[in-house]
Amino acid sequence: MAARTVRWGGVLGLGAVWWWAVLRLAVAPDAGALEGAVAAGGWGLSLLPVHCAPRARAAGALGVARWRNALRTSATRASPHPRSDAGSGPW
């Protein structure tokens, strides 16, 4: 229970710092690089996929072996369809 409280305290604290930076950038004429870095960093963290499920529990997910086999065969196999100009010159 204490770990949960510490985690939520950290999340709320970092969220407050991010909002402070964003509001300071929007309102204060003397906002600088520190506020910009904090705001950009927080925005970048929002792009992380935090709602992901483990591959074993994801519906319709392919196993690692299937991906490996698919990538290996597609990267080493030539095109199965002959070109229309095949055999008409050195190229």
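Remember, predicted model here, so these are calculated numbers, not experimental data. Every heavy atom of this structure was used, including side-chain atoms; hydrogens, water molecules and symmetry mates were not.
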Please name all residues satisfying side-chain contact (heavy atoms from CB on, under 4.5 Å) with Leu25, sequence neighbours left out, ordered by chain then number. Ala31, Glu35, Ala39

Cluster companions of Val27 among Ile, Leu, Val, Met, Phe, Trp, Tyr (side-chain spacing under 4.5 Å): none

Side-chain polar contacts of residues 1-16 - donor-acceptor pairs under 3.5 angstrom, sequence neighbours left out - could you list them?
unit_1, atom_1, unit_2, atom_2, d
Thr5, OG1, Met1, O, 3.1

Members sharing Val17's hydrophobic cluster, built from side-chain contacts under 4.5 Å between Ile, Leu, Val, Met, Phe, Trp and Tyr, are Leu34, Val38

Counting neighbours of CH2 on Trp19 that are heavy atoms of other residues, nucleotides or ligands and sit closer than 6.0 Å, is the number greater than 12? no

